[in-house]
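Order of the sequence lines sets the chain letters (A, B, ...), proteins ahead of strands, with each chain counted from 1.
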Number of protein chains: 2
Amino acid sequence: MSILESTPQEREVTCCGLATTPVTEADAVRLAPALKALGDPVRLRMASMIAAQPELCVCEIAPAFDLSSGTISHHLKLLREAGLVGSERRGTYVYYWIEHAALEVLGTLLSVDQGAAQG
Amino acid sequence: MSILESTPQEREVTCCGLATTPVTEADAVRLAPALKALGDPVRLRMASMIAAQPELCVCEIAPAFDLSSGTISHHLKLLREAGLVGSERRGTYVYYWIEHAALEVLGTLLSVDQGAAQG
DNA sequence: CTGTTGGTTCGATGACTGTCGAAGCAGCCT
DNA sequence: AGGCTGCTTCGACAGTCATCGAACCAACAG
């Protein structure tokens, strides 16, 4: 059950945003982990760095943070488990890329709904 | 320093999404707490219920969850502190409403950027 | 003033999280 | 094979979090 597997109910929600139809418990359980993963300043920046490039190796990500390599790996793992990024080892380096589809699900969920919202 | 106070840098970010320009550390620190607040299934549903109505009293929110009133209050407080909802007591009841502007900041942050994203 | 109902705050507790440093693994060199 | 570099995993630890039940405060109805 990943963030990308949508039920009909969830499709409606992610079609028109959180304000249109109350998110069901099942959808909340599936969507919340991705928001939680982005709810840490380190991971939000990591996701943003990765999203701004086609892909990025850990050796390019790590220097931006004053953290041990173990901690860097830990955060990247959480982003991966949340379905927000993918990774692949190619030779010496491990590359990370953003899963745009997952990001889009969240963007739609939080997008301002033209019908229900009123500034 | 709330989610709604934007620096020039942050305006650029929240204009075109997380993938356009890497989020700065300061912006990440300011934006992450709101995502964190929504990163819990209970609070995501609460925010969604509140967002789907002009306003909602606690007595209408609480029955949707199998939680003690103390825990309900705790979650609503976190949403309030994250700047995502506002609240006001009117007579017997306390009413909560969504802060659409804060939601919009997040929606824009996570929205798919036409320029940088590619599926 | 007293009881009742709606919410918040408090204290305690078990679970989870962010962090480090050390150990481990993978792929290179030579 | 032996060593080096890049990254992940492991074990430990302090800090945070979700939850409950109890105590508390606010408004109202008798």
Handout entry: For DNA chain C, the residues among residues 35-44 of chain A that have a non-hydrogen atom under 4.0 Å from it
Key =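 Heavy-atom contacts with DNA chain C come from A:Lys36, A:Asp40, A:Arg43.
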
If Ile, Leu, Val, Met, Phe, Trp and Tyr residues are connected whenever their side-chain heavy atoms lie under 4.5 Å apart, and connections chain through other members, are [X] and [Y] in the same group?
X       : Y       : answer
A:Ile61 : B:Val23 : yes
B:Leu67 : B:Leu44 : yes
B:Met49 : B:Leu78 : no

Are OP1 or OP2 of [N] and a side-chain N or O of [X] less than 4.0 angstrom apart?
X       : N      : answer
A:Thr71 : C:dC20 : yes
A:Ser68 : C:dC20 : yes
A:Tyr95 : D:dG6  : no
B:His75 : D:dC17 : no

Problem - Exceeds 12 heavy-atom contacts within 6.0 angstrom, atom CD of A:Glu25 - result: no

Problem - Axial cation check for B:Tyr95 ring with B:Arg90, 6.0 Å and 45° limits - result: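 Yes.
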
Practice task
Tell me, please, whether A:Phe65 has A:Arg45 positioned over its six-membered ring: NZ or CZ under 6.0 Å from the ring centre and within 45 degrees of its axis?
Solution key: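 Positive - A:Arg45 is close enough to the ring of A:Phe65 and near enough to its axis.
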
Handout entry: Side-chain heavy atoms of B:Leu79 within contact of B:Leu38, under 4.5 Å
Key =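 Side-chain contact under 4.5 Å: yes.
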
[N] [atom2] sits how many Å from [X] [atom1], rounded?
X       : N      : atom1 : atom2 : value
B:Leu76 : C:dT8  : CG    : C1'   : 10 Å
A:Arg89 : D:dT8  : CZ    : C1'   : 9 Å
B:Glu60 : C:dG7  : CD    : C1'   : 14 Å
A:Glu81 : D:dT8  : CD    : P     : 12 Å
B:Arg90 : D:dA26 : CZ    : P     : 19 Å
B:Ile72 : C:dT8  : CD1   : P     : 10 Å
A:His74 : D:dG15 : NE2   : C1'   : 13 Å
A:Lys77 : C:dC25 : NZ    : P     : 15 Å

Practice task
Report which part of the nucleic acid B:Gly91 touches: base, sugar-phosphate, or nothing (heavy-atom distance under 4.0 Å, all strands).
Solution key: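 Sugar-phosphate: the residue B:Gly91, judged by heavy atoms under 4.0 Å, touches backbone atoms but no base.
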
Exercise for the section: Report which part of the nucleic acid B:Tyr96 touches: base, sugar-phosphate, or nothing (heavy-atom distance under 4.0 Å, all strands). Expected result: sugar-phosphate

Exercise for the section: Name the closest nucleotide to the A:Val58 side chain, picking from D:dC20, C:dG6, D:dC7. Expected result: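 Selected nucleotide (nearest to the side chain): D:dC7.
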
Problem - B:Val94 side chain, from C-beta outward: closest of C:dG7, D:dT19, D:dC7 - result: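 In terms of side-chain proximity for B:Val94, the closest of C:dG7, D:dT19, D:dC7 is C:dG7.
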
Handout entry: First of A:Asp66 and A:Thr92 reached from the 5' end of DNA chain C, by closest nucleotide
Key = A:Asp66

